[in-house]
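Since the structure comes first, as structure tokens, the remarks are kept for the end.
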Amino acid sequence: MADPVTFAPDKGAYIRTNTWLAAVAMAGAMIVLWLIGNPYLWTGAPAGLAAIGLRAWYLASEELVATWEMTDTTLTGPGPRKMALTQIEAVNTMGSYVQIVTKSGDKHLIKYQANPAATKAAIERAMA
């Protein structure tokens with residue numbers, strides 16, 4: 001039996017993902033203010049930045065310790081997440097996330113991976 005492979009979240013990926021979320025929130029808030037006719041569109045930018053910045057700060061202690069571990073037969077995540085590699089239907093990448101889809105339709109995210117393609121490849125190799 002080989003040593004388990006660990007998929008830990010990357011702080012740089014966490015910051016990059018939340019930076020993109022902040023940019024989208026800033027633009028979205030400004031668009032909403034424009035659509036409702038508010039003359040102070042610029043207030044949407046700091047509001048969006050503050051919302052995502054506060055969210056990122058608040059969730060960092062939880063998200064940056066959510067580690068997944070893969071053995072020869074199973075993939076185990078935070079909480080009660082545990083699945084046999086033979087039950088995995090698909091492995092997809094979405095930004096810094098790797099999505100695991102099981103044959104029963106359950107979906108799980110391995111979040112904030114520095115190299116999501118490498119994480120996906122490692123899981124697919126273990127499945128083979």
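In this chain, numbering begins with 1 at the start of the sequence shown.
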Report summary line: The side-chain hydrogen bond (donor to acceptor under 3.5 Å, both in side chains) partners of Q99 (sequence neighbours excluded) come to N92

Report summary line: Correct closest heavy-atom pair for K120 and V91 would be CE-O, 3.0 Å

With a 3.5 Å cut-off and sequence neighbours excluded, list the donor-acceptor pairs that the side chains of residues 4-11 form with protein atoms.
residue : atom : partner : partner atom : Å
D10     : OD2  : G12     : N            : 3.2
D10     : OD2  : A13     : N            : 2.9

Report task. With sequence neighbours excluded, give me every side-chain hydrogen bond (donor to acceptor under 3.5 Å, both in side chains) pair touching residues 50-62. Result -> N18-R55

Please list every donor-acceptor pair under 3.5 Å in which a side-chain atom of residues 79-86 meets a protein atom from a residue at least two apart or in another chain.
residue : atom : partner : partner atom : Å
R81     : NH1  : P78     : O            : 2.8

Report summary line: CG of L41 to CD1 of I31, rounded to nearest 0.5 Å, is 10.0 Å

Report task. Check whether Y97 and L64 end up in the same hydrophobic cluster, where Ile, Leu, Val, Met, Phe, Trp and Tyr are linked by side-chain heavy atoms less than 4.5 Å apart. Result -> yes

Query - Nearest heavy-atom neighbours spanning T19 and I15 - result: OG1-O, 2.7 Å

Query raised in the report: What is the minimum heavy-atom distance between L49 and M26, and which atoms define it?
Result: N-CG, 3.5 Å

Query raised in the report: Once you round to the nearest 0.5 Å, how far does CD1 of I52 lie from OG1 of T17?
Result: 11.5 Å

Query raised in the report: Should V98 and L75 be counted in the same cluster of Ile, Leu, Val, Met, Phe, Trp and Tyr side chains packed under 4.5 Å apart?
Result: yes

Query raised in the report: Are L59 and M94 joined in one hydrophobic group, where the rule is that I, L, V, M, F, W and Y side chains link up if heavy atoms are under 4.5 Å apart?
Result: yes

Report summary line: Sorted by chain and number, sequence neighbours left out, side-chain hydrogen bond (donor to acceptor under 3.5 Å, both in side chains) with T102 holds for S104

Requested in this report: Can you run down the side-chain hydrogen bond (donor to acceptor under 3.5 Å, both in side chains) pairs that involve residues 24-44, sequence neighbours left out, and say none if there aren't any?
Outcome: none

Query raised in the report: Would a hydrophobic clustering, with Ile, Leu, Val, Met, Phe, Trp and Tyr connected at side-chain separations under 4.5 Å, put W68 with M127?
Result: yes

